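Structure, as structure tokens:
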Amino acid sequence: MEGRTHYAAAVTEELIGQTVTVAGWVHRRRDHGGLIFIDLRDRTGLVQIVAEPVHAENFAELDRVRAEFVVAITGMVRARPTGMENPELASGRIEIEPLRVTILSEAKTPPFMPAEAENVDEMLRLKYRYIDLRRPSLLGNFMLRDKVLMAVRSFFHAHGFLDVETPSLARSTPEGARDFLVPSRLAPGEFYALPQSPQIFKQLLMVAGFDRYYQIAKVFRDEDLRADRQPEFTQIDVEMSFMSQSEILDMMEAMLRQVFYESLGVEVAPFERMTWQQAMEGYGSDKPDLRAGEPLMDLTSAVRAHIAWPVLQAAPFAGGAVMRHYQPTRKQLDGWVEFAKGQGASGLIWIVKSGEGLRTSAGKWLDEQALQHLAAAARLGTDDTLMIVAGEKFPSLAVLGQMRLEFARQEKRIEDGWRFLWVTEFPLFEWSEEEQRLVSAHHPFTMPHPEDIDLIATDPLRVRSQAYDVVLNGTELASGSLRIYQPELQAKIFAALGLDPEETEEKFGFLIHAFQYGAPPHGGIAFGLDRLVMLMAGARSLREVIAFPKTAKGVDPLMNAPSPVSTSQLDEVGIQIKK
RNA sequence: GGAGGCGUGGUGUAGUCGGCCUAACACGCAUGCCUGUCACGCAUGAGAUCACGGGUUCGAAUCCCGUCGCCUCCGCCA
């Protein structure tokens, strides 16, 4: 072929009268018998080719062309006749009259058309991902992803961060997600683990004095998948030395704001901040969606004062969610009761305030005056509905938080915009029912809150940490913390987690030893790049922003992975398959 | 591990409380016609073991049982 001179979208009015060569795929073909229009598609867009029978040879070639053939066209750029312009296209005011047509590749009729924006079965899309990715909307996601990455890299480079690669063949560590294992041929019976994050490596880089590190790192977690979870995904991994928590938050907030500005042209407002305690009490979630209406309220004392029901009198907590300007039907109210029960509540009390007065599902336990007082305590306006859930504090709040979100979704009350939020002071430990022991809420290297050090031994579940999350519109985007850099404190944490010293020496010894050779105070964070791009692209699933994703069962339908391997391969690594 | 939804020509759907189904519609595909379309139009045509296996029945896309696959959610994901 002749060398391409222009992308499709670059063929504009300025080129009228010139000869250009464009190349790409046949997007659509409109055959009028004596006149054939071809929409030629490349990465930038479409350009219209018009073939007329006067050029018999070219006309015959374009008559033969079908959808998704790959062609190169050398031709004359000319203005479209008046009234025939297409304002939808960058190249819509011109068309190309072909002088030379080269069919570079023929194409079988594709299983689905990139030109049609219909909902194709996702399995089929993944099997023919190379065709799926031709769809302009999907391509757009990857162009956005590229912009985001460019903005990320330029920010970190400009602020003195070093991009350092860390190993993918690492060691399996206790705590956290299930590891993907890689058998070792040189050490039969032993395994590498693919990293769940470069956590320990980046801390070692801080001990090494690299001061500021970042990496666009692939990480791996062998857990069940969701729309926003893939077994392998990409983190923007960051670590810094000699920085306070607030300096780290400011730096990362600046990074995200720059990314939004450079890739979407959006000026994001300064992030809101709240503690984990405030998030849980106000929204029943550690990742509140601030777009979904007002916070929950604590009605414990009001409920005790006004509702005589013994069950509620005995409940340690009662909380309320107000649904503004909402007059549900009886059926809808029953639906909310079911919803609350489905979320684990033992029951739900509703109060509806209309022009005719107050109605409640708890009428048996309070008189009109008490009802008035209770509605006032909840600042209930006319046309508002109040939902009350009572019981253990955090579980009740979680139910109310789910109701708040579900209400906003159902009634389309979720506001537009980018509501960023820092959630800070996460608890250091959680109780694992399954293992019947304390586990780290974030990871075992997280620095406790300085005021709570003494509680580690006495009341560990009340210990706050210096850990923080970035939440965007109700999605957890990033998670980080200041790290422990004193071996003695680290030992205390391991002890609280019930890890015996021998075990910690074997599994984390290298990190403890490193800290004995001069460790700087340090901290960091890791962002889910795929989630960030998904939200920015307005996509419903991570699969829309990952070129070759896996299905919910972890299968890649394109390569057919995972797959069995030969016995000789297994022999080499000393593995026998259990029947 | 649990719950729910879905599976019908190449694609998207209708049909799913048993018989009017010899499976419908749109897109796509093929052939023919068409010189200004841009989701071109018109005509004709080809194309389906109704996911798979078993069962009930005179009769099953439709009912029952099982299996598989996809999607969503819970558990899980430091």
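Residue numbers begin at 1 in each chain, while the letters A, B, ... track the order of the sequences. Quick caveat, the model's predicted, so the values are computed rather than measured.
- Remark: A:R543 is in phosphate contact with B:U72, judged by side-chain N or O atoms under 4.0 Å from OP1 or OP2.
- Searching all strands for a Watson-Crick or G-U wobble partner of B:G69 with both distances below 3.5 Å returns B:C6.
- Within 4.0 Å (heavy atoms only), A:P81 reaches at least one base atom of the nucleic acid.
- Of the candidates B:C34, B:U37, B:C71, the closest approach to any side-chain atom of A:D31 belongs to B:C34.
- A salt bridge between A:R543 and A:E122 is present, with a side-chain N of the basic residue lying under 4.0 Å from a carboxylate O of the acidic one.
- Within 6.0 Å of CZ in A:F191 there are more than 12 heavy atoms belonging to other residues, nucleotides or ligands.
- Look at A:T551 and you'll find a side-chain N or O under 4.0 angstrom from OP1 or OP2 of B:C70.
- Pair assignment for B:C63: B:G55, on the basis of Watson-Crick or G-U wobble contacts that are both within less than 3.5 Å.
- Within 4.0 Å (heavy atoms only), A:R78 reaches at least one base atom of the nucleic acid.
- Side chain A:D39 to base B:C38: no donor-acceptor pair is found below 3.5 Å.
- Applying the 6.0 Å contact sphere to CZ of A:R291 captures more than 12 heavy atoms from other residues, nucleotides or ligands.
- The nucleotide whose nearest atom lies closest to any side-chain atom of A:L35 is, among B:U31, B:G75, B:G36, B:G36.
- Atom P of nucleotide B:C77 and atom CG of A:D286 are separated by 13 Å, given to the nearest angstrom.
- In this structure, the CG atom of A:D63 is 12 Å from the C1' atom of B:G32, given to the nearest Å.
- Side-chain proximity of A:D121 to the nucleotides B:C70, B:U72, B:C29 is greatest for B:C70.
- Considering only the side chain of A:K553, B:C70 comes nearest among B:U72, B:C70, B:C76.
- When distances are taken from the side chain of A:Q48 to each of B:C70, B:G12, B:G36, the shortest belongs to B:G36.
- Spacing of C1' atoms, B:U31 relative to B:C50, comes out at 29 Å, to the nearest Å.
- As judged by a 4.0 angstrom heavy-atom cut-off over every strand, A:R80 is placed among the base-contacting residues.
- Taking the C1' atoms as reference points, B:G4 lies 46 Å from B:U44, given to the whole Å.
- In this structure, the ring of A:Y130 has its center no less than 6.0 angstrom from the ring center of A:W25.
- Remark: A:E503 engages A:K507 in a salt bridge, criterion side-chain N to carboxylate O under 4.0 Å.
- Across all strands, A:Q402 comes closer than 4.0 Å to no nucleic acid atom at all (heavy-atom distances).
- Among the heavy atoms of the strands lying under 4.0 Å from A:M84 is at least one base atom, whether or not backbone atoms are also near.
- A distance of about 13 Å separates the C1' atoms of B:U16 and B:C6, rounded to the whole Å.
- For the P atom pair drawn from B:G15 and B:U62, the interatomic distance equals 15 Å after rounding to whole Å.
- The nearest whole Å value for the distance from the NZ atom in A:K108 to the P atom in B:A30 is 14 Å.
- OP1 and OP2 of B:C71 both lie 4.0 Å or more from every side-chain N or O belonging to A:R226.
- The separation between A:K127 atom NZ and B:G69 atom C1' is 13 Å, rounded to whole Å.
- Taking 3.5 Å as the limit, the base of B:C38 and the side chain of A:R28 contain no donor-acceptor pair of atoms between them.
- One atom, CZ of A:F339, and another, P of B:C73, lie 14 Å apart when rounded to the nearest Å.
- In the displayed structure, A:R43 atom CZ is contacted under 6.0 Å by at most 12 heavy atoms of other residues, nucleotides or ligands.
- Here, B:U67 and B:G28 have their P atoms 41 Å apart, quoted to the whole Å.
- The shortest side-chain heavy-atom distance between A:D39 and A:R30 falls under the 4.5 Å cut-off.
- Between B:A48 and B:A23, the distance separating the two P atoms is 11 Å to the nearest Å.
- Atom CG of A:D224 is separated from atom P of B:U72 by 13 Å (rounded to the nearest Å).
- On a pure distance criterion of 3.5 Å, a polar donor-acceptor pair joins the side chain of A:E95 and the base of B:G36.
- Base contact: A:S197 has a heavy atom under 4.0 Å from a base atom.
- With C1' as the reference atom, B:G19 and B:U72 are 37 Å apart, rounded to whole Å.
- Atom C1' of B:U22 sits at a distance of 16 Å from the matching atom of B:G9, rounded to the whole Å.
- Between the side chain of A:R178 and the base of B:G75, no donor-acceptor pair under 3.5 Å is found.
- For the pair A:H32 and B:C34, the ring geometry does not qualify as stacking, because the centroid separation below 5.5 Å and plane angle under 30° are not jointly satisfied.
- Nucleotide B:A24 forms a pair with B:U13, judged by Watson-Crick or G-U wobble geometry with both contacts under 3.5 Å.
- Across all strands, A:L124 comes closer than 4.0 Å only to sugar-phosphate atoms, never to a base (heavy-atom distances).
- Counting heavy atoms of neighbouring residues, nucleotides and ligands inside a 6.0 Å radius, atom CD of A:E57 does not exceed 12 of them.
- At B:U37, none of the side-chain N or O atoms of A:R30 fall inside 4.0 Å of OP1 or OP2 (strictly under the cut-off).
- Ring-base stacking between A:F37 and B:U37 is satisfied, the centre separation being under 5.5 Å and the plane angle under 30°.
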